[in-house]
Amino acid sequence: MTEPELYPVPSEWSQRARMTKAGYEAARAAARETPESFWAEQARRLDWFEAPTTIRDVSFHKADFRIRWFDDGVLNVAWNCLDRHLAKRGDQTAIIWEGDDPDQSGKLSYRELHREVCRMANVLKGLGVGKGDRVTLYLPMIPAAAVAMLACARIGAIHSVVFGGFSPESLCGRIEDCGSKVVVTADEGLRGGRPVPLKANVDAALAKGAGAVVEKVLVVSHTNADVPMVEGRDVRYGEAKHGVSDDCPCEPMKAEDPLFILYTSGSTGKPKGVLHTTGGYLFWAAWTHELVFDYRPGEVFWCTADVGWVTGHSYCVYGPLANGATTLMFEGVPNWPDHSRFWRVVDKHKVEIFYTAPTALRALMREGDGPVKATDRSSLRLLGTVGEPINPEAWRWYYEVVGEGRCPIVDTWWQTETGGILVSPLPGATDLKPGSATRPLPGVELQIVDADGALLDGPAEGNLCITDSWPGQMRTVWGDPQRFFDTYFSTYPGKYFTGDGCRRDADGYYWITGRVDDVINVSGHRMGTAEVESALVLHEAVAEAAVVGFPHDIKGQGIWAYVTLKAGIEPSDALRRDLVAHVRAEIGPIAAPDVIQWAPGLPKTRSGKIMRRILRKIAEGETGALGDVSTLADPGVVEELVRGAQR
Ligand code: WTA
């Protein structure tokens with residue numbers, strides 16, 4: 001393999017960046033050698049009602065398992081994101097909103113945002129929401145989404161944001177799992193010019209069972225669509241907010257009090273409710289936002305993720321607002337009304353820092369340089385990516401065409417579970433290699449182990465583990481602490497296992513190779529193969545299904561479903577379309593299979609276990625390297641599948 005090219009830190013960055021090479025090495029050493037004082041010092045960036053005196057109390061071992069940070073500290077997230085900024089930057093823009101419709105945009109200053117959040121908090125209180133109660137948010141990318149998150153934080157309620165692209169079925173499961181008594185939604189969302197029927201989906205979710213736990217539905221009007229309201233249950237926010245005060249005190253929260261739940265896919269069927277807490281999470285979101293993006297006061301920061309994902313939580317809302325930044329929320333999509341949209345928005349709002357997913361870049365790259373070059377982009381000074389490995393070709397296009405060779409790229413690796421970025425270049429400290437997330441942030445201790453857990457030193461490839469805690473780490477799976485321990489800490493005892501494969505090169509740079517469990521990454525969105533399988537077998541025609549990922553030019557990974565039909569049912573294109581529609585309805589459009597292959601049988605061991613390794617190889621087109629099939633109950637099915645896969 002040829003050595004990848006190196007992009008050294010530009011001299012203007014090494015001189016003026018927040019963290020230089022020497023600063024990085026010093027911080028890494030300090031975090032390792034004197035973690036207590038290092039984190040105590042760093043945590044002063046937050047405004048504490050009572051400063052913490054106990055800093056970390058952590059064990060990844062079964063006997064005394066615990067993860068606690070800043071334990072006796074008391075603070076409030078909304079205070080840190082709003083109130084403390086009012087004196088100095090009350091009139092500064094906190095949120096720039098750019099609508100799906102290019103003619104719609106708006107701004108909220110810190111003072112206005114503070115007022116909105118207080119109002120929403122008082123409305124929620126009026127609906128009976130108090131400290132510790134769960135509130136599900138099912139909203140479009142409009143300021144009300146950030147307002148609702150912060151309103152919950154202000155009164156100590158725990159929000160659970162559900163991505164607006166999830167189906168009523170998925171929404172129902174998430175509401176029931178955490179027992180939300182209030183749902184906040186909008187009449188409709190808009191994406192690429194098309195309405196998304198959010199309120200109707202909530203109605204459907206409540207009819208499917210979530211109605212048993214939900215007492216009130218708060219409806220924000222966005223498109224002003226005429227949506228039916230259920231008497232006694234549904235409340236129009238636009239009306240309710242006029243009846244409340246715009247003063248609402250912040251609930252004092254302990255550092256380890258829950259801040260939010262966010263559902264994410266794992267290798268087993270049901271998505272898990274990742275729980276993040278107040279002090280550690282907010283600290284990590286804020287610290288990494290400033291460090292990785294080298295954020296400077298007054299700059300416009302744009303993270304294109306939806307608040308339905310963790311990236312939207314940490315880098316559209318909490319990190320930037322805790323730092324008093326101007327954050328841009330974008331409701332639309334990159335390819336509507338045309339393929340210049342991202343760059344037009346950059347020009348319109350003079351965006352300095354731009355953070356997006358490789359899948360969006362690959363899709364735009366396919367359209368050629370024209371739509372980029374039609375725009376100015378001179379405001380940009382730093383670019384970032386997140387969500388999946390970026391292929392060097394897309395990296396170079398981003399660097400050369402979008403950034404005109406002027407902007408470093410931070411390829412940030414992290415997970416819903418990690419709360420914020422863990423592995424990333426720091427633009428003033430790290431020489432870049434296209435396709436590598438480079439090196440861990442200070443305080444992040446990585447290890448690569450082999451399948452048996454043996455530690456691999458030096459250049460190596462294996463499974464990525466983290467050996468010590470960091471403040472932004474998730475604390476538990478909502479309602480299922482055992483699942484938390486089993487999922488992350490039992491594979492390699494004493495270590496957090498990420499689920500990712502990884503290579504470390506001779507320079508100590510990390511290259512994420514993708515998931516090694518049954519999670520696939522479709523367009524930067526996590527999807528459990530088991531979830532898609534469960535949805536497929538709910539269809540009356542399906543006897544059995546096995547789902548794997550396969551390499552996809554734009555999406556990174558696509559979804560390949562092997563489907564065995566019930567006896568007597570004939571495969572057809574109509575049935576194929578019906579199955580895809582069924583999965584979309586069960587989970588959401590992001591879970592729609594790209595390929596459905598009819599499988600007369602699935603390769604199983606004699607004990608009945610499906611051999612996914614073989615199915616993956618067939619989907620990848622690597623049929624020459626199927627490996628050992630001698631343990632199969634019926635090796636004949638493999639030949640049949642290989643023949644069927646020829647596209
Ligand atoms: C993948 C998104 C390579 C990885 C923040 C991880 C990445 C999963 C990168 C988490 C990156 C995220 N390079 N792979 N820069 N960033 N991933 O929970 O497989 O939606 O485990 O969090 O995305 O996805 P999640």
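Count residues from 1 along the sequence. Whatever order the structure lists ligands and atoms in, that order sets their numbers, starting from 1.
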Margin query: Please enumerate all residues that pass side chain to side chain donor-acceptor pair (under 3.5 Å) together with Ser167, with sequence neighbours excluded.
Written below: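 With sequence neighbours excluded, Ser167 shows a side chain to side chain donor-acceptor pair (under 3.5 Å) to Ser170, given in chain and number order.
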Checklist line | Partners meeting side chain to side chain donor-acceptor pair (under 3.5 Å) with Glu299 (sequence neighbours left out) | finding: Arg381
Next item on the list: Inspect the contact between Asp594 and Lys555 and indicate whether a charged nitrogen and a carboxylate oxygen are less than 4.0 angstrom apart.
Entry: yes
Notebook entry, point to check: Applying a heavy-atom distance cut-off of 4.0 Å, which protein residues contact ligand 1?
Noted result: Val310, Thr311, Val386, Gly387, Glu388, Pro389, Asp411, Thr412, Trp413, Trp414, Gln415, Thr416, Asp500, Ile512, Arg515, Asn521, Arg526
Check: Does atom CD of Glu393 have more than 12 heavy-atom neighbours from other groups under 6.0 Å away?
Finding: no
Margin query: Tell me which pairs pass ring-ring contact (aromatic ring centres under 6.0 Å, His included) where either residue lies in residues 418-437, with sequence neighbours left out.
Written below: none
Notebook entry, point to check: Strictly under 6.0 Å, is that where the ring centroids of Tyr399 and Tyr7 end up?
Noted result: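 They qualify: ring centres under 6.0 Å apart.
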